[in-house]
Amino acid sequence: MAAENGAPRSASGAALVTGGSRGIGAAVARALAAEGWPVGVSYRSGADAAAGVVDAIEADGGRAMAVSGDVAELGAADRLLGAVEEAFGPVLVLVNNAGVREDGLAVQIDDGAWDRVLDTNLSGAFRLTRRALRPMIKARFGRIVNVASVVGTRASPGQANYAASKAGVIGMTGTVAAEVARRGVTVNAVAPGLVDTDMTRDLSTDILDSVPARRAGTPEEVAACVRFLASEEAAYVTGATLAVDGGLSA
Ligand code: NAP
């Protein structure tokens with residue numbers, strides 16, 4: 001179903017991908033741009049990487065802009081969404097992808113490591129969601145996709161802060177989805193398993209022995225799922241968490 005005037009939704013709005021400068025976020029930004037969305041590519045410190053993603057999208061005939069900001073900071077949601085709105089119009093697709101891990105056994109995780117992970121992965125995603133909802137409700141169309149993790153529902157020793165943040169994202173996803181389901185706004189999550197990005201470069205490949213598919217996923221495989229959840233066709237999918245994990249959680 002297209003917008004009332006028959007044009008695709010992407011003609012009247014934009015997408016924002018937090019942490020779109022690298023890894024899964026970069027693949028998501030490119031996938032959404034290929035669907036016709038002008039895309040805000042957010043980054044915290046990697047200005048060159050974000051510019052590279054924007055260049056790649058533009059070379060393919062799409063529209064994109066880089067937007068800088070630390071999602072853990074109060075006020076970041078307003079700045080990031082405001083910048084994209086000013087350039088491209090209302091943000092109708094929000095992908096909360098920015099994330100960090102700071103691993104350690106629970107006895108070793110200090111308050112700083114707890115707060116940085118929760119502030120980035122969970123509170124940042126909540127504030128962006130809260131700020132994005134009103135324009136989506138006004139447009140009677142919106143798609144929020146949160147990048148959770150298989151670790152949100154499955155024990156992962158050494159990741160209490162990360163697991164708590166991702167479990168929180170999954171809980172938030174279902175509840176916000178129920179709040180806005182009548183408004184044409186869907187809220188879903190993807191829960192990747194092990195995906196080959198900078199974030200997982202330090203992990204031993206022994207982990208792959210427990211993955212039924214016996215390989216890591218690619219950012220593009222996660223992006224394909226996000227692209228579907230962000231599509232008009234996914235209108236009746238909301239509150240769901242889609243595992244993208246090679247069978248790890250099966
Ligand atoms: P990545 O390669 O490390 O990229 C992380 C991205 O997030 C970068 O663009 C980074 O920007 C941005 N970012 C980090 N902290 C930020 C902050 N405070 N404010 C704004 N941007 C910030 O990670 P990835 O593997 O693609 O992970 C993307 C998401 O998938 C994360 O939420 C992660 O938890 C989740 N995930 C990943 C895996 C996996 O196996 N890779 C599995 C499950 C879930 P800068 O470079 O500018 O810092």
Side-chain angles (χ1 to χ4, degrees), residues 16-31 39-54 64 66-77 79-81 83 94-103 112-113 115-128 145-154 156 159 161-170 172-173 189-205 207-208 210-211 213 215-223 225-226 241-246 248-249:
L16 170 64
V17 183
T18 66
S21 57
R22 288 189 283 132
I24 292 169
V28 168
R30 287 196 297 267
V39 181
V41 176
S42 117
Y43 66 97
R44 179 182 45 178
S45 55
D48 290 348
V53 174
V54 170
V67 277
S68 98
D70 182 340
V71 299
E73 281 179 9
L74 290 174
R79 283 198 304 280
L80 292 173
L81 285 159
L94 168 65
V95 182
N96 283 311
N97 166 81
V100 290
R101 36 176 279 252
E102 282 195 49
D103 296 354
D115 289 347
R116 281 188 294 276
V117 172
L118 270 289
D119 287 351
T120 303
N121 299 5
L122 180 57
S123 302
F126 171 69
R127 292 191 196 105
L128 276 144
V145 184
N146 296 318
V147 181
S149 165
V150 68
V151 165
T153 52
R154 188 175 190 272
S156 181
Q159 294 197 304
N161 48 1
Y162 185 77
S165 73
K166 296 302 187 179
V169 163
I170 291 170
M172 177 179 76
T173 297
V190 291
L194 187 71
V195 180
D196 189 13
T197 68
D198 294 341
M199 184 180 269
T200 52
R201 217 126 278 164
D202 64 324
L203 299 178
S204 158
T205 50
I207 298 177
L208 294 177
S210 58
V211 178
R215 66 171 179 86
T218 66
E220 289 72 24
E221 287 170 321
V222 181
C225 297
V226 175
T241 296
L242 177 59
V244 193
D245 64 2
L248 187 58
S249 58

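The figures that follow rest on heavy atoms only: side chains count, while hydrogens, waters and symmetry mates do not. Read the numbers this way: they start at 1 and go in the same order the structure lists the ligands and their atoms.
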Would you find a donor on one side and an acceptor on the other, under 3.5 Å apart, between the side chain of [X] and the backbone of [Y]?
X      : Y      : answer
Thr200 : Leu203 : no
Asn146 : Ala148 : no
Ser165 : Val117 : no

Identify, with sequence neighbours excluded, every residue that meets salt bridge (charged side-chain N to carboxylate O under 4.0 Å, His left out) alongside [X].
X      : value
Asp115 : none
Asp245 : none
Arg101 : Asp103, Asp202

For a quick check: using heavy atoms under 4.0 Å, what are the residues in contact with ligand 1, sorted by chain and number?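 Residue list for ligand 1: Gly19, Ser21, Arg22, Gly23, Ile24, Tyr43, Arg44, Ser45, Gly46, Gly69, Asp70, Val71, Asn97, Ala98, Gly99, Val100, Thr120, Val147, Ala148, Ser149, Tyr162, Lys166, Pro192, Gly193, Leu194, Val195, Thr197, Asp198, Met199, Thr200.
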